[in-house]
Amino acid sequence: MTDHHSTKTSTGHELSESSYLDSHFEAMKPEYEAMIRSVGIKSGWNVLDAGCGGGSFLPLLAELVGSRGHICAIDLAPENIERVDSLVENKQFPCSIETRVGNLTSLPYEDNRFDVVWCANITQYLTDDELGNMLAEFHRVVRPGGLVAVKEFDLTVNLFSPFDQTMIWRLYDAARHHIPPMQGGLRTFQLATWLKQAGLINVGFKSFLSERKAPLRPIERAFISTILQAHPQAAESVDLSEQDRVVWRGLANFDSPDHILKHPDFYFREGHIVVVGQAPEN
Ligand SMILES: C[S@@+](CC[C@H](N)C(=O)[O-])C[C@H]1O[C@@H](n2cnc3c(N)ncnc32)[C@H](O)[C@@H]1O
């Protein structure tokens with residue numbers, strides 16, 4: 001069962017529950033839309049939304065492929081697929097959408113089936129072996145000349161202020177071997193190399209920056225609070241000085257009148273990369 005007090009799915013992935021994903025998508029919508037539009041998805045295409053979560057990207061994917069297109073949406077968490085099924089039942093999409101529960105490291109689709117694979121915010125959860133397997137699967141299911149597009153956040157770009165940035169670096173360094181999304185988020189900039197190693201060609205990438213400054217909209221405040229909260233939570237489980245722990249506990253106290261979210265100069269940024277590669281023509 002999903003824990004509704006956390007952002008974790010029944011399959012154990014943090015920051016993957018659909019209401020959290022919706023709040024993230026809404027808070028950063030212009031940047032997310034720019035990311036997906038940068039891929040070059042064409043009308044009539046057959047798309048795989050690999051690791052679709054609660055379906056945040058589906059409305060724009062469906063708009064891009066239009067009524068002649070088709071989307072397959074797959075995810076490991078059954079409750080996320082149920083959520084997508086309910087969206088589809090409510091006929092919110094211009095194209096046909098087929099859903100499946102499944103693992104991206106072993107896809108239940110035949111070779112060359114898709115014009116493009118879109119995969120957002122998944123690589124952070126995968127070990128190196130799983131990432132290699134997943135990219136090999138993407139290569140297999142995309143047609144010759146088709147595209148593989150992988151979007152991920154880049155942890156090295158994360159920043160919130162006013163806050164001692166070296167605290168954040170020390171936390172990421174201490175946490176990277178214990179908390180998979182932190183380790184995965186530090187690997188993001190290498191993804192273009194991973195796509196080339198998977199046999200894809202014409203690999204390129206584009207970076208995107210999402211910045212938010214005070215005053216925040218309620219949806220931005222809700223999303224950014226969840227991200228800030230994840231830091232003191234991580235700090236409790238890794239090896240840090242007591243001095244650093246005390247500061248992180250202070251960040252967890254959102255009711256404090258001195259909390260940084262109430263600061264008139266509050267600033268938050270996160271970085272993203274969209275890497276696109278092409279399957280070679282036979
Ligand atoms: C952060 S969410 C991203 C969802 C969506 N792509 C988005 O950006 O809104 C991560 C998703 O990856 C799924 N996931 C993680 N590992 C997976 C795997 N090996 N196979 C399929 N889905 C996986 C989780 O169930 C979760 O829905």
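The model shown is predicted, which means the values in this text are computed figures rather than measured ones. Counting convention: from 1, in listed order, for ligands and their atoms alike.
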Before signing off on this row, confirm whether [X] and ligand 1 have an N or O atom pair separated by under 3.5 Å.
| X | value |
| --- | --- |
| D75 | yes |
| L76 | yes |
| T9 | no |
| L21 | no |
| D49 | no |

Contacting atoms of ligand 1, where contact means under 4.0 angstrom from a heavy atom of [X]:
| X | result |
| --- | --- |
| Y125 | 1 (C), 10 (C) |
| A77 | 25 (O) |
| G102 | 20 (N), 21 (C) |

Notebook entry, point to check: With respect to atom 20 (N) of ligand 1, which of D22, L104, V84 exhibits the smallest heavy-atom separation?
Noted result: L104
Notebook entry, point to check: Counting heavy atoms only, which of S56, G53, S10 is nearest atom 9 (O) of ligand 1?
Noted result: S56
Specify the protein heavy atom at minimum distance from [atom]: its residue, its atom name, and the distance to 0.1 Å.
| atom | value |
| --- | --- |
| atom 18 (C) of ligand 1 | N103 OD1, 3.6 Å |
| atom 15 (C) of ligand 1 | H13 CE1, 3.4 Å |
| atom 4 (C) of ligand 1 | G51 O, 3.4 Å |
| atom 11 (C) of ligand 1 | I122 CD1, 3.6 Å |
| atom 8 (O) of ligand 1 | N121 ND2, 2.8 Å |

Item checked: Sidechain-backbone polar pair: Q278 side chain, L147 backbone, donor-acceptor under 3.5 Å -> no
Item checked: Exceeds 12 heavy-atom contacts within 6.0 angstrom, atom OH of Y109 -> yes
Margin query: Using a 6.0 Å cut-off, check whether atom CG of N253 has over 12 heavy atoms from anything other than its own residue.
Written below: yes
Note to self: Looking at W45, I'd like to know if the NZ or CZ of R143 sits under 6.0 Å from its six-membered ring centre while staying within 45 degrees of the ring's axis.
What the structure shows: yes
Next item on the list: Tell me whether the guanidinium CZ or amine NZ of K262 lies under 6.0 angstrom from the six-membered ring centre of F266 and within 45° of its axis.
Entry: no
Does [X] have its ring centroid less than 6.0 Å away from the ring centroid of [Y]?
| X | Y | value |
| --- | --- | --- |
| W118 | F138 | no |
| F189 | F205 | yes |
| Y267 | F160 | no |

If the contact criterion is a heavy-atom separation under 4.0 Å, does [X] count as touching ligand 1?
| X | value |
| --- | --- |
| N80 | yes |
| C119 | no |
| F57 | yes |

Margin query: Do E270 and H272 pair up side chain to side chain, a donor and an acceptor below 3.5 Å, judged on atom types alone?
Written below: yes
Item checked: Side-chain donor-acceptor contact under 3.5 Å, T123 with E152 -> yes
Notebook entry, point to check: Given T105 and E130, is the side chain to side chain donor-acceptor pair (under 3.5 Å) satisfied, shown in steps?
Noted result: CA-CA 6 Å; T105 57; E130 289 168 336; over 6 Å; no
